[in-house]
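As structure tokens, the structure follows; a few thoughts come after it.
Order of the sequence lines fixes the chain letters, A, B, ..., with proteins taken first and strands second; residue numbering starts at 1 for each chain.
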Number of protein chains: 2
Amino acid sequence: MKLLRNNLLEAFVAVVECGGFTDAQYALGITQSAISCRIRDLELALGYRVCERGRGGFCLTERGQIAYKKARDVLRSVRDFDAELMDLRGTITGELRIGMVDTVNGLPGFPLVSAIRRFLNRENDVRLEVSVASPTDLTQSLISGNVHVAIAPFRNKVSELEYTEICTEDHMLYCSSDHPLFHADSREITPDILTRYPICQRSYDKIVPPKLITLAPQAVVANMEAMAMLIESGCYLGALPVHFGQKWIESGQFRALDHPDLRWTSAFSLAVRKSQARRRAVELFLNDIMAVAHKAA
Amino acid sequence: MKLLRNNLLEAFVAVVECGGFTDAQYALGITQSAISCRIRDLELALGYRVCERGRGGFCLTERGQIAYKKARDVLRSVRDFDAELMDLRGTITGELRIGMVDTVNGLPGFPLVSAIRRFLNRENDVRLEVSVASPTDLTQSLISGNVHVAIAPFRNKVSELEYTEICTEDHMLYCSSDHPLFHADSREITPDILTRYPICQRSYDKIVPPKLITLAPQAVVANMEAMAMLIESGCYLGALPVHFGQKWIESGQFRALDHPDLRWTSAFSLAVRKSQARRRAVELFLNDIMAVAHKAA
DNA sequence: ATCCTTACATGCGGTAAATTCATGTAAGGT
DNA sequence: ACCTTACATGAATTTACCGCATGTAAGGAT
């Protein structure tokens, strides 16, 4: 079902996301000429050009970029609106947009995949959409409605959202076999190594308190895979979730720099928007999350 | 222009607001049969009946009531979306929905009509929509986007909104010529009259602190006109804004119970939603308000 | 009880909008 | 110079939507 629809906007968003008319015709299931008409009509209605196109390539105009963001968001919220009206029928429909930080899968004490399986095994007609982003971005996405639920170690909690702690994640410092500390005596592993060797930090969620670090320049990464890469290079120390660093430990590539003061724990929370008629699909997924989280605890 | 449109939802909302198909055909500018089709198709798409109709009268089903509220709200926000895209063209379009408490007009030091005139004298294509409600309702309407700006004496301010004080309003206690206090000696006018005569309060914004009042039953009104009526009855004392009570004073119908402790002042604020891409029309209107407020001060 | 009126439903036909198909055009590559 | 790519355009066609005429069901008047 599609109550609030608009061909022009849908075409516009599809064209932007496909990077041109030609590919968008498959995404939309209409011919290229129809898309050409739609974009022309959209620009006629708006009174300004939204994109440059032709053999020279496809690109959005300045206004087009703003219009695209607004259009994408409004189409999202319109899909949610449709789903809300379908909820009244009792069926579970619409999109379920889940946001999370990376390496949530494998989090000890929180089998997310079980929750997802549990959710999908129910009779449903829901399209899942999973995005990975930083806690800060996830907060924004929750507020704007771009995601319905998010799982992350939220440090600064905002009043618009509702948080439920679901598990914790232990972090340790690692170095690779190429690093000077790899063969160091365990008595050398003290917090002051932080002042002697370059360390790599995650751009969001600074596990190692920055005030402990004196050495510049620091490397900054946006996700765990990148962190592992820089550690593998042998040039950096880096903190990883223990469950995530495990595989490098097992292969003998990394060494965990074990010291009581070089362990950190962050708390993972489930966040949703407060005070909002919640869709059935979202409600059920939250139940599923809590069910697996409790079972694991 | 109308980008995101939906005939079915528009018909539904119109039918509800007109209380039936017959009247809605004039509001929508289509025939009754077309409306019948639209509602049928809507119900077909939703999978449930939204209203009972026929000779027995028109009424929404339970689900229909929820669907109506959602549909009305989404159509509003969709109109705003259209206006946002038009903003990029540089034109001032869309709706400007202003909310206020009653008797804002005439507020000393705040010529609202000048602000409106100022706004409308600009080149524009804006449809105004003015609603009158209590500060509490206005707060809700602002958050949900049902109004863009609101003017009221806001007592409890919420973090989602941004308030700018624009003027103050003096209140005094009044009685009518039928009231025992009308001819009382001015020395008798002391705060303890509150404990001896019934008083009428506004349901929102209790001007006279309720703790000063001992006498039950109290009359409660939702707006100033009603307050004046009850005072006119001679059975109640009541607080009115001085600028509003003036005309009854001049006609000799009311007496102001003047005493230093029987005067109250409330501060009127302009409220808008925080952190939101603001439309040009809203921005300009805010400027106009501030301009007339400053000039008056 | 019958007829009338009100309020909505339905079938049919026309019109306007949207889409496809076929073709045109402009820019870059060979 | 020719081909290819990527989009534009025009005619034909399909589709959707609407109005008209008519049907139906229930309440009220005579």
Side-chain angles (χ1 to χ4, degrees), chain A residues 1-61 63-65 67-68 71 75 78 82, chain B residues 1-61 63-65 67-68 71 75 78 82:
Chain A
M1 190 200 60
K2 213 178 242 180
L3 275 178
L4 271 163
R5 72 202 160 66
N6 181 272
N7 296 339
L8 308 188
L9 289 178
E10 272 165 21
F12 179 42
V13 170
V15 161
V16 174
E17 283 165 6
C18 295
F21 291 20
T22 313
D23 285 358
Q25 65 188 314
Y26 308 112
L28 287 168
I30 58 174
T31 59
Q32 170 268 317
S33 71
I35 295 179
S36 183
C37 288
R38 286 188 183 184
I39 299 295
R40 172 173 48 75
D41 292 348
L42 177 69
E43 291 180 330
L44 208 64
L46 291 177
Y48 51 90
R49 204 168 170 78
V50 291
C51 60
E52 299 302 332
R53 54 230 188 234
R55 188 62 190 87
F58 176 89
C59 79
L60 285 171
T61 64
R63 290 162 168 179
Q65 289 184 30
Y68 164 66
L75 288 182
V78 149
D82 283 357
Chain B
M1 189 200 60
K2 213 178 242 176
L3 275 178
L4 274 162
R5 75 200 159 67
N6 180 272
N7 297 337
L8 308 188
L9 289 178
E10 272 164 20
F12 179 41
V13 169
V15 160
V16 174
E17 283 165 5
C18 294
F21 291 22
T22 313
D23 285 358
Q25 65 188 315
Y26 308 112
L28 287 168
I30 57 174
T31 60
Q32 170 268 317
S33 74
I35 296 179
S36 181
C37 289
R38 287 189 184 183
I39 298 295
R40 170 173 48 75
D41 291 348
L42 178 69
E43 290 180 331
L44 208 66
L46 290 177
Y48 52 89
R49 205 169 170 76
V50 292
C51 60
E52 299 302 333
R53 55 234 188 228
R55 187 61 190 85
F58 177 89
C59 79
L60 285 171
T61 64
R63 290 162 167 178
Q65 289 183 29
Y68 163 66
L75 287 182
V78 149
D82 283 357

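Within the nucleic acid shown, A:Gly57 has no heavy atom closer than 4.0 Å to any nucleic acid atom. Nucleic acid contact for B:Ser36: base, since at least one base atom lies under 4.0 Å from a heavy atom of the residue. Using a 4.0 Å heavy-atom distance criterion, A:Gly19 is classed as making no nucleic acid contact.
Contact check, B:Arg38 against D:dC18: a side-chain N or O comes under 4.0 Å of OP1 or OP2. In this structure, B:Arg53 does not reach the C:dT6 phosphate: none of its side-chain N or O atoms is under 4.0 Å from OP1 or OP2. Phosphate proximity of C:dT6 to B:Thr22: absent, as no side-chain N or O sits under 4.0 Å from OP1 or OP2. Dashed line: the shortest gap from a side-chain N or O of B:Asn7 to OP1 or OP2 of D:dA16 is not under 4.0 Å.
For B:Phe58 against B:Val16, the heavy-atom pair with the smallest separation is CE2-CA, 4.2 Å.
The interatomic distance linking A:Ile39 (CD1) with C:dT19 (C1') rounds to 15 Å, in whole Å. Here D:dC7 presents its C1' atom at 10 Å from CZ of A:Arg49, a figure rounded to the nearest Å.
Rounded to the nearest 0.5 Å, atoms CG (A:Leu46) and CG (A:Asp41) are 11.0 Å apart. Here the CD1-CG distance, from B:Ile39 to B:Leu44, works out to 12.5 Å after rounding to the nearest 0.5 Å. We find the CG-CG distance between A:Leu9 and A:Leu42 to be 6.0 Å, quoted to the nearest 0.5 Å. With values rounded to the nearest 0.5 angstrom, A:Thr22 atom OG1 is found 12.0 Å from A:Arg53 atom CZ. Expressed to the nearest 0.5 Å, how far CD of B:Glu43 lies from CZ of B:Phe12 amounts to 8.5 Å.
Side-chain atoms of B:Ile30 and B:Arg38, non-hydrogen and from C-beta on, do get closer than 4.5 Å to each other. Residues B:Glu17 and B:Tyr68 are in side-chain contact: their nearest non-hydrogen atoms beyond the backbone lie under 4.5 Å apart.
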Filtered N/O pairs between nucleotides 21-28 of chain C and protein, under 3.5 Å:
from, atom 1, to, atom 2, distance (Å)
C:dC21, N4, A:Ser33, OG, 2.7

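A rotation axis mapping the C1' atoms of four pairs onto the next four is fitted at both ends of the helix from C:dA1-D:dT30 to C:dT30-D:dA1 over five pairs, and the angle between these axes is 0° to 10 degrees.
Under a 3.5 Å cut-off, the side chain of B:Arg49 and the backbone N or O of B:Thr61 do not form any donor-acceptor pair.
In this structure, of C:dC8, D:dT9, C:dT19, it is C:dC8 that holds the atom nearest to the side chain of B:Phe21.
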